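Chain letters run A, B, ... following the sequence lines, proteins first, then strands; residues in each count from 1. Remember, predicted model here, so these are calculated numbers, not experimental data.
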2 protein chains.
Amino acid sequence: MNASPTPTRSTRSTRSAPSASSAQAQPAVEQVDTTFLESLLGYNARRASLAVISVFLERMAPYGLRPVDFSVLSLVAHNPGITSRQLCGSLALLPPNVVGLLNTLEKRDLIARQPHPRDRRAMGLHLTTAGQKLMRDAERTAAQLEAEVAAKLTPAELRTLLKLLKKVYA
Amino acid sequence: MNASPTPTRSTRSTRSAPSASSAQAQPAVEQVDTTFLESLLGYNARRASLAVISVFLERMAPYGLRPVDFSVLSLVAHNPGITSRQLCGSLALLPPNVVGLLNTLEKRDLIARQPHPRDRRAMGLHLTTAGQKLMRDAERTAAQLEAEVAAKLTPAELRTLLKLLKKVYA
DNA sequence: TATTGTTATACTCTATAACTATA
DNA sequence: TATAGTTATAGAGTATAACAATA
């Protein structure tokens with residue numbers, strides 16, 4: 001979480017070849033050249049997501065919600081009766097890892113497991129009244145945070161960015 | 001790594017409030033509505049980076065390189081003599097976690113630690129001849145992979161995407 | 001006194017195998 | 001036979017504290 005991009009130094013890269021054995025006086029690096037990595041989509045996407053997530057972590061701490069918790073609660077809020085399996089499919093989570101997560105949210109009285117109407121193996125997930133109240137605030141905070149992070153962009157740029165990101169993972 | 005976005009269902013969200021106690025017949029969810037999450041920059045950035053990274057993992061497996069290894073070797077390639085501390089600063093890694101990583105790369109004869117010219121505490125990192133050969137191939141593969149992932153975008157869109165991502169984390 | 005590299009260690013995240021009850 | 005939820009557990013990733021050598 002202490003990322004600090006420091007480009008500059010467009011001097012030549014990949015210089016003479018110091019084989020492990022030839023240990024003559026080697027030059028020191030002043031400014032780290034990250035131009036190659038910065039040309040890669042994966043590197044930039046990861047850096048951007050880390051930047052956003054670090055702000056997310058700060059702002060959601062008062063609610064006691066990690067990004068996963070927020071995502072899960074948000075899906076339950078907008079999809080009352082959603083099953084654990086559906087959560088896994090939508091959020092790329094694995095079933096065993098969701099169990100403890102849901103148990104914690106249930107103990108906090110934010111969600112309730114109710115019998116599924118057509119499948120007695122499954123459980124339908126619902127927000128409790130407390131969960132609904134929390135998520136109203138949390139989603140407002142998320143939208144607000146979004147606005148702040150996106151303040152570095154114009155509204156048009158933000159729309160473009162979201163559209164292009166979706167094209168990448170679609 | 002089994003992400004599968006499934007939007008659609010723009011019907012109303014957040015319906016009636018089933019408190020934990022009132023357990024009347026609850027509706028089942030057919031199509032999961034992810035529209036709210038999809039409106040968030042962090043969610044989309046993370047999804048996009050996961051998508052790119054999963055392809056990266058496949059293509060770099062033949063070289064025995066994880067994304068971190070590739071990033072480290074790439075920085076060493078373009079910054080001969082870079083120190084462990086500088087790697088940490090540029091890649092948001094923590095010093096204790098870099099030690100084992102570098103040890104492994106050194107055992108594989110891909111890098112060599114050489115005495116730093118001006119600081120006897122530090123070690124300058126350099127690619128060995130084998131490391132240089134590997135990275136020539138690996139960076140070529142990375143650029144190729146980049147082109148494939150970005151095939152979902154026009155060249156202009158890719159340029160725009162990179163520019164906007166940089167603005168987000170800058 | 002501060003910093004580089006390092007060890008030891010703990011905590012979180014992610015992944016696999018296997019069980020149960022229903023389908 | 002296959003699937004939903006669960007348990008137990010292993011492995012990777014990420015974090016903090018503390019020490020020796022050097023600045």
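Taking the side chain of B/Arg66 as heavy atoms from C-beta on, and the options D/dG13, C/dT6, D/dA23, the nearest nucleotide is D/dG13. Nearest nucleotide to the side chain of B/Ser84, out of C/dA2, C/dA23, C/dG5: C/dG5. Of all nucleotides listed (D/dT6, C/dA2, C/dT7), C/dA2 comes nearest to the side chain of B/Arg121. Between C/dT16, D/dG5, C/dT22, one nucleotide has an atom nearer to the side chain of A/Pro96 than all others, and that is C/dT16.
Side-chain contact between A/Ser74 and A/Glu139 is present, with at least one heavy-atom pair separated by less than 4.5 Å.
Per the geometry, CG belonging to B/Asn103 stands 15 Å off C1' belonging to C/dT4, to the nearest Å. The separation between A/Asp119 atom CG and C/dA21 atom P is 16 Å, rounded to whole Å. Note: CZ (A/Arg85) to P (D/dA4) measures 5 Å, nearest angstrom. For the pair B/Leu50 CG and C/dC13 P, the computed distance is 15 Å after rounding to whole Å. Counting to the nearest Å, the P atom of D/dT6 and the CG atom of A/Leu94 are 15 Å from each other. Atom-to-atom, CD of B/Gln114 to P of C/dT4 comes out at 20 Å; the value is rounded to the nearest Å. Here C/dA21 presents its C1' atom at 16 Å from NE2 of A/His116, a figure rounded to the nearest Å. Remark: C1' of D/dG5 and CD1 of A/Ile82 are 15 Å apart, rounded to the nearest angstrom.
Remark: the A/Tyr63 side chain and the A/Thr141 side chain contain an N/O donor-acceptor pair separated by less than 3.5 Å.
Judged by distance alone, the side chain of B/Asp69 and the main-chain N or O of B/Arg66 form a donor-acceptor pair under 3.5 Å. Within the 3.5 Å criterion, the main-chain N or O of B/Ala150 finds no donor-acceptor partner in the side chain of A/Lys167.
Residue A/Arg120 places no side-chain atom within donor-acceptor reach of the base of C/dT22, judged by atom type and a 3.5 Å distance cut-off alone.
Positionally, the nearest nucleotide of DNA chain C for B/Gln86 lies more toward the 5' end than for the other of B/Gln86 and B/Asn97.
In terms of heavy atoms, B/Tyr169 sits closest to A/Ala48 at CD2-N, 3.5 Å.
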